[in-house]
Amino acid sequence: MTSILAEKSTDNKKVLNQHETLFHRHPANPILTGKDWPYSMNSVFNAGATLLPDGTTLLLCRVEDRRGLSHLCVARSVNGVDGWQIDREPTLLPDVERYPEELWGIEDPRITYVPELKQYAIAYTSYSRGGPGVSLALTKDFRDFERLGVIMSPDDKDAALLPRRINGLWALIHRPMTPLGAHIWISYSPDLRHWGNHKLMLEARRGAWWDANKIGMSPPPIETPRGWLMIYHGVRRTPSSSIYRLGLALFDLEQPDKCLIRGDSWMFAPEAEYERHGDVQDVVFPCGYTVASDGDTINLYYGAADSSIALAHGSIRGLLTWLDANGHSEHAHDRRQRHG
Ligand code: BMA
């Protein structure tokens with residue numbers, strides 16, 4: 001990990017306002033744009049990601065058409081960087097006849113491989129007349145999909161299934177909007193269809209914080225020996241627009257609503273031109289990652305300014321070390337919120 005300012009200083013001395021670079025942007029960024037697409041569309045962004053058994057990287061990309069409605073399209077690459085084979089036609093289109101909640105499109109898929117089912121579970125946003133809700137689909141091959149329909153009614157999004165049951169129940173992380181704000185919740189189900197036992201997992205902070213008022217899980221959480229490591233986005237509203245930045249939090253493995261540590265500052269933010277300017281300015285929005293064979297290197301795929309897909313790599317160990325140095329237990333945070 002390098003410190004940007006330490007790099008610049010001649011004697012390499014640590015300076016006070018240094019910050020660490022946890023994710024390094026790939027020099028080929030953005031790695032996928034609308035120009036790469038084999039059919040007419042507006043933009044491509046916010047892709048779910050997974051590694052197939054043969055090592056191929058698969059991205060399930062959100063493609064927005066020229067009406068403004070989104071569908072999903074698969075892109076495959078041997079090295080996860082270039083040489084993308086993009087499906088010639090949309091892979092998963094809204095099916096409004098049977099799933100009217102998909103009326104205004106399907107967006108922002110998060111992929112989880114579920115060993116017990118030997119299938120991939122895709123949690124995605126279905127944009128209904130009543131607002132965005134969470135839908136679930138299962139697939140073995142990203143060609144045929146079994147839809148389970150809406151599992152969290154609007155207004156709810158930013159969802160992913162955990163890869164295994166917790167105490168016998170499936171667990172879904174999601175972000176319902178409530179009158180108290182946009183916070184991250186976790187819910188449980190015996191059968192992936194009926195959901196309950198809803199628990200608040202992580203609250204948006206308040207006031208001037210970078211993650212005040214509106215947060216959401218970004219890619220599915222990363223399972224580490226120390227807990228579920230979550231990359232989440234915080235939305236800072238400014239007088240002119242919003243800034244989507246990324247932070248980190250760690251949750252108990254067997255009781256995932258229990259937050260162990262939450263980072264104070266953001267750790268990744270729009271800086272590059274393709275992140276700052278596009279259809280929606282100042283957005284970095286990862287929906288997926290792959291982990292390299294060393295078990296530590298994480299390749300984060302993120303939508304940039306709602307206009308392209310970019311890649312950055314980091315180290316899972318590095319993220320945990322940063323969290324130890326730059327985070328607090330939620331207990332301490334609650335105390336500060338009350339008194340601060
Ligand atoms: C969020 C989601 C994302 C989008 C982001 C910025 O609410 O809808 O799909 O990338 O806004 O527009």
Side-chain angles (χ1 to χ4, degrees), residues 29-34 41-49 59-65 67-73 92 94 101-111 122-135 150 152 154-160 173-178 181-185 202 204 210-220 231-238 240-247 266 268-272 274-289 300-312:
N29 274 351
I31 58 164
L32 280 169
T33 72
M41 43 85 99
N42 173 49
S43 56
V44 56
F45 50 111
N46 302 3
L59 296 184
L60 186 59
C61 308
R62 171 177 172 189
V63 175
E64 189 184 283
D65 67 23
R67 299 170 302 171
L69 276 52
S70 293
H71 61 267
L72 308 182
C73 185
L92 192 66
E101 67 273 10
E102 299 184 359
L103 178 67
W104 288 330
I106 56 178
E107 307 178 348
D108 300 357
R110 274 80 167 188
I111 303 170
I122 305 162
Y124 59 94
T125 302
S126 41
Y127 197 169
S128 73
R129 214 181 274 281
V134 176
S135 291
V150 183
M152 291 292 160
D155 187 332
D156 203 327
K157 53 164 66 171
D158 298 330
I173 301 173
H174 57 116
R175 203 285 308 280
M177 293 290 270
T178 72
H183 310 305
I184 300 175
W185 289 67
L202 195 70
W210 68 274
D211 56 353
N213 305 318
K214 187 174 177 186
I215 59 171
M217 184 189 58
S218 278
I231 300 175
Y232 72 96
H233 54 268
V235 186
R236 172 70 179 269
R237 290 212 182 86
T238 72
S240 56
S241 62
S242 298
I243 311 175
Y244 279 71
R245 302 182 178 111
L246 303 177
W266 69 81
F268 194 75
E271 286 172 16
Y274 52 87
E275 299 160 355
R276 297 227 48 212
H277 301 114
D279 278 2
V280 183
Q281 68 183 51
D282 290 322
V283 179
V284 287
F285 201 93
C287 290
Y289 59 83
L300 188 69
Y301 293 92
Y302 61 100
D306 284 11
S307 294
S308 63
I309 297 173
L311 169 63

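Because the structure is a prediction, the values reported are computed rather than measured. First listed ligand is number 1; within each ligand, the first listed atom is number 1.
For atom 11 (O) of ligand 1, the closest heavy atom belonging to the protein is Y244 OH, 3.1 Å. Ranking protein heavy atoms by distance to atom 12 (O) of ligand 1, first place goes to D306 OD2, 2.7 Å.
Taking a cut-off of under 4.0 Å to the non-hydrogen atoms of K157, the atoms of ligand 1 that pass are 2 (C), 7 (O), 8 (O). Remark: ligand 1 atoms within the under-4.0 Å shell around heavy atoms of D108 are 2 (C), 3 (C), 9 (O).
With sequence neighbours excluded, the residues satisfying salt bridge (charged side-chain N to carboxylate O under 4.0 Å, His left out) with D211 are R205, R262.
Residue T125 does not touch ligand 1, judged by heavy-atom distances below 4.0 Å.
Annotation: F45 is not in aromatic contact with Y302 [ring centroid separation under 6.0 Å not met]. The aromatic ring centres of Y232 and W210 sit less than 6.0 Å apart.
A distance-only check finds a donor-acceptor pair linking the side chain of N29 to the backbone of L311 [under 3.5 Å].
The one candidate from R236, H277, R276, R245 that meets the side-chain hydrogen bond (donor to acceptor under 3.5 Å, both in side chains) condition with D282 is R276.
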